Number of protein chains: 2
Amino acid sequence: MTRLSVLAHALLGMLSTGEMTGYELTRAFDVSLANVWTASHSQIYPELAKLEAAGFIRHTESGPRGSKRYEATAAGRDELRRWLAEPPQPQAVRSEALLRVFFLWMVPPEESAGYLRRQAALHREKLAAYEALAQAIGDCADGPTRWSRISLESGIRYERAMAEWAEWSVARVAPPTASSG
Amino acid sequence: MTRLSVLAHALLGMLSTGEMTGYELTRAFDVSLANVWTASHSQIYPELAKLEAAGFIRHTESGPRGSKRYEATAAGRDELRRWLAEPPQPQAVRSEALLRVFFLWMVPPEESAGYLRRQAALHREKLAAYEALAQAIGDCADGPTRWSRISLESGIRYERAMAEWAEWSVARVAPPTASSG
DNA sequence: ACTGACATGTAACTTGTTACATGATTCG
DNA sequence: CGAATCATGTAACAAGTTACATGTCAGT
């Protein structure tokens, strides 16, 4: 194994938090990790096999329906810490939504304003969901939960900034007329 | 051709703005589009060939060094407009930087604070660059430029929100002591 | 018996990265 | 004539998506 993928480190991180099955990991990517990284089961199972072969995780018991519980080994946790200490390199941006904005001059103003309004609505929706979640988990200051709260805060600020941007853009494209104000 | 990729639409969009060679498109992804979408020449040249075969672009003259200038056909511009009108679907999130934050409980507080400070610095740097660029292009209200200014604004607000988030996180992890304040 | 959630895997395909490979033109 | 930039391509690989495929267990 030349070098571990980001997904591999995500799995390693989850399995350092506690024992989990592939199925539970799959659900985690749909729920707690959804704000941060996504992966499907078809990617997860082969990656778990690779990580086990490389000695970074091991599977302990076998559960009821042929399920396997995995946990990180000492080598796995070391690799995770090494990865966490790597210098951050600026990441390539790829936003389909923003790319569309770049080419909105192609369509009439009503249509581009509509696009931006839909974007604003989507961001407002996500913002509300994140804020409700933050309210629900409260001001936790302990272990892993603390850090998931900090990640969530990033999502909150991101969605708020993007909602405000979309609303600002609408105003710039279709300024409120005297009659409408 | 089953369905066009996002990259294909990016190329179609650029070639609706004006004639360009593959080389010029490659540079555009490094400069004006860098905030929005990235692609390397090894992806661009084959994609141009596919778009031409599908009749969405055509190449006009051949330049000095075997260069080919492409432009969008009417069918290409129609396809671009169709794509712009597609209902936006929420996109999968994948942020390696944020994933690391999720697992920062693994390392000592000094190290996690250091990580967040580096993140803050990177975002502040990008923010400054974007703001300088915004200052340089000014308050343009015409055609494509107007929309690139709007895209840039998204980058500015994003970097600012993320810088502020990182700084907030540092304070949460390593609160200023009475002696340091 | 049937439905739904649990549970794991593989195959085919698309997208994106890194490295390889070549040649033309311009400037100093 | 040498280096930088212009200019276009291919090949091998890594990462991610969608669809296919199978079987278990709990509840009704």
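Source: prediction; values computed, not measured. Heavy atoms only: backbone and side chains are in, while hydrogens, waters and symmetry mates are out.
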What is the distance, rounded to the nearest whole Å, between atom [atom1] of [X] and atom [atom2] of [N]?
X: B:Q89; N: D:dT17; atom1: CD; atom2: C1'; answer: 13 Å
X: A:L25; N: C:dA7; atom1: CG; atom2: P; answer: 12 Å
X: B:H41; N: C:dA21; atom1: NE2; atom2: P; answer: 14 Å
X: B:E47; N: C:dT14; atom1: CD; atom2: P; answer: 11 Å
X: B:Q43; N: C:dG16; atom1: CD; atom2: C1'; answer: 5 Å
X: B:D30; N: C:dT17; atom1: CG; atom2: P; answer: 12 Å
X: A:K50; N: C:dT10; atom1: NZ; atom2: C1'; answer: 13 Å
X: B:R3; N: D:dT18; atom1: CZ; atom2: C1'; answer: 13 Å

Among [options], find the nucleotide with the atom closest to the side chain of [X].
X: A:Y70; options: D:dT8, D:dG23, C:dG9; answer: C:dG9
X: A:Y45; options: D:dT8, D:dA7, C:dG9; answer: C:dG9
X: B:L7; options: C:dG16, D:dT8, D:dT24; answer: C:dG16
X: A:S40; options: D:dT18, C:dT25, C:dT10; answer: D:dT18
X: B:R65; options: C:dA5, C:dA24, C:dT10; answer: C:dA24

task: Indicate yes or no: at least one non-hydrogen side-chain atom of A:W147 is less than 4.5 angstrom from one of B:F103.
output: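 A side-chain contact under 4.5 Å is absent here.
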- prompt: Salt bridge between B:R27 and B:D30, side-chain N to carboxylate O under 4.0 Å?
  reply: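 Salt bridge absent between B:R27 and B:D30.
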message: Using a strict threshold of under 4.0 Å (side-chain N to carboxylate O), is an ion pair present between A:R124 and A:E167?
response: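 Counted as a salt bridge, because a side-chain N and a carboxylate O are separated by less than 4.0 Å.
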field: Most 5' of A:G66 and A:W37 on DNA chain D, judged by nearest nucleotide
entry: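 Whichever sits nearer the 5' end wins; that is A:W37.
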- prompt: Taking OP1 and OP2 of C:dT17, is either one under 4.0 Å from a side-chain nitrogen or oxygen of A:R94?
  reply: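 The answer is yes; a side-chain N or O of A:R94 sits under 4.0 Å from OP1 or OP2.
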query: At under 4.0 Å, does any side-chain N or O of A:Y23 touch on OP1 or OP2 of C:dT8?
result: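 For C:dT8, neither OP1 nor OP2 has a side-chain N or O of A:Y23 closer than 4.0 Å.
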For [X], which contact category applies under a 4.0 Å heavy-atom criterion: base, sugar-phosphate, or nothing?
X: B:S42; result: base
X: A:R27; result: sugar-phosphate
X: A:S67; result: sugar-phosphate

Polar contact flag, side-chain donor to acceptor under 3.5 angstrom, B:E79-B:H9: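 Yes.
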message: Set out, in order, the CA-CA distance, both residues' side-chain angles and the distance that settles side-chain contact (heavy atoms from CB on, under 4.5 Å) for A:I150 and B:F102, then state yes or no.
response: CA-CA 8 Å; A:I150 289 176; B:F102 211 82; over 6 Å; no
